[in-house]
Amino acid sequence: MAAANNNNNSSGSKYASKKQNGRRNVQPFNRDTQIKNPSKIIRFNDPNEDDDVSNRLLKGDVVTYKSLKSRANELLRVRKTLPVYQHKSEIMPYINANPVTVLIGETGSGKSTQIPQFILEQIYDKKKHGSIAVTQPRRVAAINLATRVAQEHGCKLGDQVGYSVRFDNTTTAKTRLKYLTDGMLLRELMMNNNLKEYSVIIIDEAHERTVLTDLILGFLKSLIQGPRPDLKIIVMSATLQAEKFSEFFNNAPILFVEGRKFDVSQYYLKAPTDDIVDAVIRCCIQINQGEQLGDVLCFLPGQEEIDKAVTIMEKIAKYVSDETSVPLLIPYPLYAALPPVQQALVFAPVKGFKRKVIFSTNIAETSVTISGVKFVVDSGLRKVKVWRHQLGLATLLTVPISQASAMQRSGRAGRESEGKSFRLYCEPDYLKLPKQSEPEIARSDVTSPVLMLKRYGINDIVNWTWFENPGKEAIIMGLQELYELGALDTRGNITKRGEQMALLPLQPHLSSVLIKASEVGCLSQVIDIISCLSVENLMLNPSPEERDEVNERRLSLCNAGKKYGDLIMLKELFDIYFYELGKSQDANSERNDWCKGLCISLRGFKNVVRVRDQLRVYCKRLFSSINEENEEARKIGENGDEISKILKCFLTGFIKNTAIGMPDRSYRTVSTGEPISVHPSSMLFLNKSCPGIMYTEYVFTTKGYARNVSRIELSWLQEVVTNGTAVAKQKISSSK
DNA sequence: GAGCACTGC
């Protein structure tokens with residue numbers, strides 16, 4: 001391996017030189033001194049803290065005004081060491097003088113906690129009205145930031161500072177500074193009030209370029225050009241992309257504040273490798289033998305590679321260490337589908353002469369921060385879901401990461417002290433990588449964004465103020481999809497059904513199923529199923545050893561699911577969880593054991609109940625005509641008629657996701673005739689006797705897989721088609 | 001015979 005030049009300062013000088021060119025109004029700041037006490041670094045995104053932080057603060061011992069103020073004074077000393085605080089007098093004039101400011105603050109600059117407070121002080125000083133919204137891509141970040149800032153501000157959470165995320169809103173009438181998720185701000189926009197309660201909107205982590213942040217940027221531009229010229233906008237981002245944000249907002253000034261991170265030296269391979277797992281393991285062994293103590297974080301593309309690496313390291317660990325000079329390697333897997341208990345293991349420090357090695361997906365790149373990491377090993381790969389709108393199919397691809405992503409990964413080694421980053425590719429190949437990853441919106445299904453725009457009253461979707469235009473083709477497919485779901489009329493105007501769909505916190509297809517269920521009288525059962533579908537990683541993947549056993553147990557519990565498939569199975573499992581296990585004294589531990597035996601996430605089912613409660617409230621409000629009987633919660637039986645009714649509701653939303661059984665027992669999709677296989681995780685994987693199948697997801701990995709599969713009768717296709725949506729489809733094709 | 005990562009009035 002060859003050591004490469006480590007240049008941490010490049011972006012700073014880049015912006016500085018722009019000022020000399022006189023091209024743009026740029027204010028460079030000097031590198032800040034490194035802080036002396038790293039334990040005082042404010043850390044976010046800690047999943048150990050999760051949603052309970054605020055509860056601790058709210059429910060803790062009686063909090064007096066005096067104790068809040070003294071805590072705030074204590075924290076002020078820490079705040080004053082933050083780069084953003086030290087440059088306050090230089091930053092604020094820019095923000096005050098410009099309607100839009102782009103602020104580039106590196107990790108540890110304090111931008112997310114301090115800038116909003118500076119603005120809040122000004123609002124108080126000038127006795128102005130209006131409040132500040134700060135958006136975050138993730139719930140945990142919004143919660144943790146609000147909690148921290150409330151402490152710094154010397155108030156209780158929910159007084160002047162609060163947060164609003166799905167299922168949890170601590171804001172009150174007093175709140176002037178509100179941290180919220182992107183999704184929540186979009187929901188507020190959907191209420192059509194032009195965000196009038198806010199005088200300042202701060203978009204944080206804009207560089208992550210999620211679909212929702214991109215949409216918000218587009219909405220903000222149209223707001224300041226139209227009904228809200230008074231609105232002040234600050235776009236905050238880690239590094240890079242500043243030019244793009246600035247240009248989008250009429251060449252807004254770019255401010256750059258350096259952070260407080262430690263140097264990370266880069267090492268590259270001299271020759272490329274073709275076995276990435278092998279290369280990662282070798283690299284870990286080398287680190288273990290040659291480097292000082294400190295944990296290793298390895299980035300691999302997916303679960304398969306991670307499990308393989310963990311297995312290998314478990315086998316060889318004792319042979320490549322000794323008790324005196326080379327520590328024992330302890331491998332840990334980390335990915336989203338891992339049961340929460342196992343995820344939590346990576347945060348516990350290891351005792352004794354050992355070195356923790358975490359094999360992780362991209363989850364550790366932004367969402368999760370692990371302390372103690374001194375070394376990063378980067379495979380240079382990630383998995384990405386790409387939507388093919390022509391085929392209505394998602395493909396899961398392993399692709400090279402971008403330079404920005406590689407830098408972010410390396411940075412994970414320099415959070416607490418100097419670190420080293422080992423890139424398992426050659427330096428010339430790094431230089432050939434794209435600077436940025438392709439933004440999510442360019443590779444996503446835009447049906448839902450298009451519906452939001454329609455609901456907001458935008459007619460010309462193609463020429464809207466997109467921050468990143470997903471392309472005419474994608475937009476037209478989205479419009480057509482919405483038309484077929486009955487959300488748009490023949491002139492492309494939003495229908496009453498479309499309005500309802502836009503207000504439901506579901507993807508349009510599921511909203512459409514829900515509305516249908518309210519019409520035919522199986523709303524309660526369909527809500528339960530949709531709630532299960534809305535929760536990611538509810539059904540966990542059993543390890544290969546216990547796979548057959550778990551499948552057997554699931555099948556034996558779900559008589560109807562065995563025949564009709566995964567949607568009905570979810571309802572059967574929900575019924576057991578909710579009705580049967582909820583009664584005893586020790587309901588929680590009973591549920592826990594039950595979930596463990598079936599390899600189901602208990603946390604997942606708790607979320608299912610929250611989604612269900614929310615949907616029931618929405619439905620009550622949206623469908624005033626539904627009768628009492630329809631609303632009543634009930635268990636599913638094995639009654640074929642009832643099950644058919646439920647599945648036909650799903651068919652109205654997923655008519656495109658159907659396949660017909662062939663004589664050779666394979667399936668071919670109705671829309672394109674492509675072969676499709678039932679995913680092995682499905683209840684119907686072994687059942688080869690379905691005349692047809694319907695699925696909620698069509699993913700291409702090694703081949704086309706149908707996920708969440710249900711049995712359908714072929715006659716249903718015609719029935720559902722003539723009843724509704726496909727009439728529209730015919731009109732579309734005949735008008736072409 | 002298999003599972004990138006987030007998120008919602």
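First the proteins, then the strands, lettered A, B, ... as listed; each starts at 1.
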query: Is Asn541(A) touching bases, backbone alone, or none of the nucleic acid, heavy atoms closer than 4.0 Å?
result: base

query: Using a cut-off of 4.0 Å on non-hydrogen atoms, how would the nucleic acid contact of Met191(A) be classed: base, sugar-phosphate, or nothing?
result: base

task: Please determine if a side-chain N or O atom of Thr701(A) lies less than 4.0 Å away from the OP1 or OP2 oxygen of dG3(B).
output: yes

- prompt: Does Tyr705(A) have a side-chain nitrogen or oxygen under 4.0 Å from the phosphate oxygens OP1 or OP2 of dA2(B)?
  reply: yes

task: Just call it for Leu504(A): base, sugar-phosphate, or nothing, with non-hydrogen atoms closer than 4.0 Å on any strand.
output: base

message: What contact category does Asn551(A) fall into here, base, sugar-phosphate, or nothing, at under 4.0 angstrom with non-hydrogen atoms?
response: base

field: Nucleotide nearest Leu396(A) (side chain, heavy atoms from C-beta), chosen from dG3(B), dA5(B), dG1(B)
entry: dG3(B)

field: Whole angstrom value for the distance that separates C1' of dT7(B) from CG of Asn537(A)
entry: 13 Å

message: Give the residues of residues 678-689 of chain A touching DNA chain B, defined as any heavy atom closer than 4.0 Å, sorted by residue number.
response: His679(A), Pro680(A), Ser681(A), Phe685(A)

Donor-acceptor pair, side chain of Thr495(A) and main chain of Ala487(A), under 3.5 angstrom: yes

- request: Would you classify Leu540(A) as touching base, sugar-phosphate or nothing, given that sugar-phosphate means primed atoms plus P, OP1 and OP2, and contacts are heavy atoms under 4.0 Å?
  value: nothing

task: Check whether any side-chain heavy atom of Gln500(A) sits under 4.5 Å from a side-chain heavy atom of Ser511(A), and report yes or no.
output: no

message: I want to check something: taking the side chain as every heavy atom from C-beta on, are Thr170(A) and Ile143(A) in contact at a cut-off of under 4.5 Å?
response: no

task: Find the distance Gln343(A):CD to dC4(B):C1' and express it as a whole number of Å.
output: 14 Å

query: So do the side chains of Ile515(A) and Phe623(A) get within less than 4.5 Å of each other, counting heavy atoms only?
result: yes

- request: Whole angstrom is fine here: how far is it from CZ in Arg138(A) over to P in dT7(B)?
  value: 7 Å

- prompt: Rounded to the nearest Å, what distance is computed from the CG atom of residue Asn362(A) to the P atom of nucleotide dC6(B)?
  reply: 9 Å

task: Check side-chain hydrogen bond (donor to acceptor under 3.5 Å, both in side chains) between Arg668(A) and all other residues, then give those that pass, not counting sequence neighbours.
output: none

- request: Have a look at Arg382(A) and say if it touches a base, only the backbone sugar-phosphate, or nothing, with a 4.0 Å heavy-atom cut-off.
  value: nothing

message: Determine whether a donor-acceptor pair (N or O, by modelled atom type, separation under 3.5 Å) exists between the side chain of Gln408(A) and the backbone of Glu365(A).
response: yes

field: Interatomic distance where CD belongs to Glu697(A) and P belongs to dA2(B) [whole Å]
entry: 16 Å

message: I want to confirm an ordering. Mapping Tyr618(A) and Ile363(A) to their closest nucleotides on DNA chain B, which one lands closer to the 5' end?
response: Ile363(A)

field: Residue Lys308(A) excluded, over 12 heavy atoms near NZ under 6.0 Å
entry: no

- prompt: In whole angstrom, what separates Leu533(A)'s CG from dG8(B)'s C1'?
  reply: 16 Å

task: Counting heavy atoms from C-beta on, name the nucleotide in dC4(B), dG1(B), dG8(B) closest to the side chain of Gln303(A).
output: dC4(B)

query: In whole angstroms, how far is the P atom of dA5(B) from the CD1 atom of Ile441(A)?
result: 21 Å

Could you give the side-chain donor-acceptor pairs of residues 437-444 of chain A under 3.5 Å, partners two or more places apart or in another chain?
residue: Ser437(A); atom: OG; partner: Ser402(A); partner atom: OG; Å: 3.0
residue: Glu440(A); atom: OE1; partner: Val211(A); partner atom: N; Å: 3.0
residue: Arg443(A); atom: NH1; partner: Lys385(A); partner atom: O; Å: 3.1
residue: Ser444(A); atom: OG; partner: Glu440(A); partner atom: O; Å: 2.6

- request: Identify which nucleotide among dT7(B), dA5(B), dG3(B) has an atom closest to any side-chain atom of Glu440(A), counting heavy atoms from C-beta outward.
  value: dA5(B)

statement: Separation of dC6(B) atom P from Leu215(A) atom CG, nearest Å, is 20 Å

